[in-house]
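None of these values were measured; they are calculated from a predicted model. In this chain, residues are counted from 1 in sequence order.
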Amino acid sequence: MARHIRKGDNVIVTAGHFKGQQGKVLRVIPDEDRCVVEGINLRKKHRNVREGQNIGPVNKEMPIHISNVSPCVDGKPTRVRFETRDDGSKVRIAVRTGEQIGPEIRKAKNKAKA
């Protein structure tokens, strides 16, 4: 299944406790259909005593389901359309504005000249 978000995208949370908050995608977990968004779904994790590390609780981002986030364009969520161009490259297009989101998913094919 094609993913509508990728690492590094700006997204807005569309459902759940953090609805309306925006953040940057830190990583996508495709096997679980989840993603980790910067500053969203923070949980306290307690660290053990080790040399050179802080002791005590640390805030850590936990994964949220990929269906609860949408790419953010001009501060509003948008759906995503996938387009294959004539040169063979594949890109993500924001339905709201029609502009390209992020870099190409698939690079253009090199055609040999005869």
Side-chain angles (χ1 to χ4, degrees):
M1 181 178 160
R3 301 282 178 236
H4 63 284
I5 60 169
R6 295 179 68 120
K7 180 180 175 180
D9 284 352
N10 263 345
V11 295
I12 188 166
V13 180
T14 57
H17 182 72
F18 300 97
K19 182 177 181 177
Q21 295 185 16
Q22 296 181 17
K24 181 180 173 184
V25 176
L26 299 176
R27 66 186 175 119
V28 177
I29 309 167
D31 294 339
E32 299 176 8
D33 288 335
R34 294 183 173 273
C35 64
V36 177
V37 182
E38 185 177 25
I40 306 293
N41 200 18
L42 293 174
R43 298 289 185 261
K44 284 203 184 295
K45 300 295 270 185
H46 293 273
R47 289 206 174 248
N48 293 335
V49 178
R50 295 180 188 209
E51 288 184 38
Q53 290 186 353
N54 292 336
I55 302 170
V58 175
N59 286 330
K60 182 178 178 183
E61 291 96 355
M62 300 303 285
I64 59 175
H65 200 269
I66 204 168
S67 66
N68 294 336
V69 296
S70 291
C72 186
V73 176
D74 298 332
K76 297 179 182 178
T78 183
R79 295 187 315 254
V80 175
R81 178 184 310 127
F82 292 90
E83 286 185 3
T84 303
R85 296 189 173 156
D86 293 337
D87 62 358
S89 63
K90 186 176 181 182
V91 294
R92 293 178 301 149
I93 305 293
V95 172
R96 184 179 290 276
T97 60
E99 57 190 44
Q100 181 176 333
I101 302 174
E104 298 174 335
I105 295 174
R106 182 175 53 217
K107 302 290 182 187
K109 296 177 183 176
N110 294 333
K111 294 184 179 179
K113 294 181 181 178

Peer 1: Look up atom CZ in R106 and atom CG in D87, then write down how far apart they are to the nearest 0.5 Å.
Peer 2: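 Separation between the atoms: 10.0 Å.
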
Peer 1: Test your reading of the model: is there a side-chain donor-acceptor pair from Q22 to the backbone of I12, 3.5 Å cut-off?
Peer 2: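 No, the answer is negative, given that no donor and acceptor are paired below the 3.5 Å cut-off.
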
Peer 1: How close do I101 and P71 get, heavy atom to heavy atom, and via which atoms?
Peer 2: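 Between these two residues, the closest heavy atoms are CD1-CB, 4.2 Å.
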
Peer 1: Are the side chains of V11 and C72 in contact, using a 4.5 Å heavy-atom criterion?
Peer 2: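 They are not in side-chain contact.
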
Peer 1: Atom CD in Q100, atom CD1 in I93: separation rounded to 0.5 Å?
Peer 2: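 Rounded to the nearest 0.5 Å, the CD-CD1 separation comes to 5.5 Å.
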
Peer 1: Quick check against the 3.5 Å criterion: does D74 have a side-chain atom that pairs as donor or acceptor with the backbone of K76?
Peer 2: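 Side chain of D74 to backbone of K76, a donor-acceptor pair under 3.5 Å: no, none is there.
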
Peer 1: Within the side chain of T14, is there an N or O that forms a donor-acceptor pair under 3.5 Å with the backbone of N68?
Peer 2: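 Here the side-chain-to-backbone pair exists.
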
Peer 1: Is any side-chain heavy atom of V80 less than 4.5 Å from a side-chain heavy atom of F82?
Peer 2: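 The answer is yes, as the side chains (C-beta and beyond) meet within the 4.5 Å cut-off.
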
Peer 1: For K44 and P57, which heavy atoms make the closest approach, and how far apart are they?
Peer 2: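 Between these two residues, the closest heavy atoms are CD-CB, 4.0 Å.
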
Peer 1: Nearest heavy-atom pair of L42 and E61: which atoms, and what distance?
Peer 2: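 Here L42 and E61 meet closest at CD2-CG, 3.7 Å.
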
Peer 1: Can a donor-acceptor pair be found, under 3.5 Å and without considering hydrogens, that links the side chain of H4 to the backbone of R92?
Peer 2: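 No; judged by distance alone, with no hydrogens or angles, the pair does not exist.
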
Peer 1: Tell me whether the count of non-hydrogen atoms from other residues, nucleotides or ligands lying under 6.0 Å of CZ in R79 goes above 12.
Peer 2: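 Count not over threshold, so no.
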
Peer 1: When rounded to the nearest 0.5 angstrom, what distance separates CD1 in I29 from CZ in R34?
Peer 2: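 It is 8.0 Å, given to the nearest 0.5 Å.
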
Peer 1: Could you tell me which non-hydrogen atom of V73 sits nearest to which non-hydrogen atom of A94, and how far apart they are?
Peer 2: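 Smallest heavy-atom distance, with atoms named: CG2-CB, 3.9 Å.
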
Peer 1: CD1/I40 to NE2/H17 distance, rounded to the nearest 0.5 angstrom?
Peer 2: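 Going from the CD1 atom of I40 to the NE2 atom of H17 covers 10.0 Å.
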
Peer 1: Tell me, with the steps shown, if I5 and I66 meet side-chain contact (heavy atoms from CB on, under 4.5 Å).
Peer 2: CA-CA 8 Å; I5 60 169; I66 204 168; 3.7 Å; yes

Peer 1: Could you tell me whether a side-chain N or O of R3 sits under 3.5 Å from a main-chain N or O of P30, the two making a donor and an acceptor?
Peer 2: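 Side chain of R3 to backbone of P30, a donor-acceptor pair under 3.5 Å: yes, one is there.
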
Peer 1: When you measure from the side chain of D9 to the backbone of V25, do you find a donor-acceptor pair of N or O atoms at a distance under 3.5 Å?
Peer 2: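 Side chain of D9 to backbone of V25: no pair is present.
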
Peer 1: Could you give the distance from CD1 (I64) to CZ (F18), rounded to the nearest 0.5 Å?
Peer 2: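 I64 CD1 to F18 CZ: 8.0 Å, rounded to 0.5 Å.
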
Peer 1: Which heavy atom of K7 sits nearest to which heavy atom of V28, and what is that distance?
Peer 2: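 So the two residues come closest at N-CG2, 4.1 Å.
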
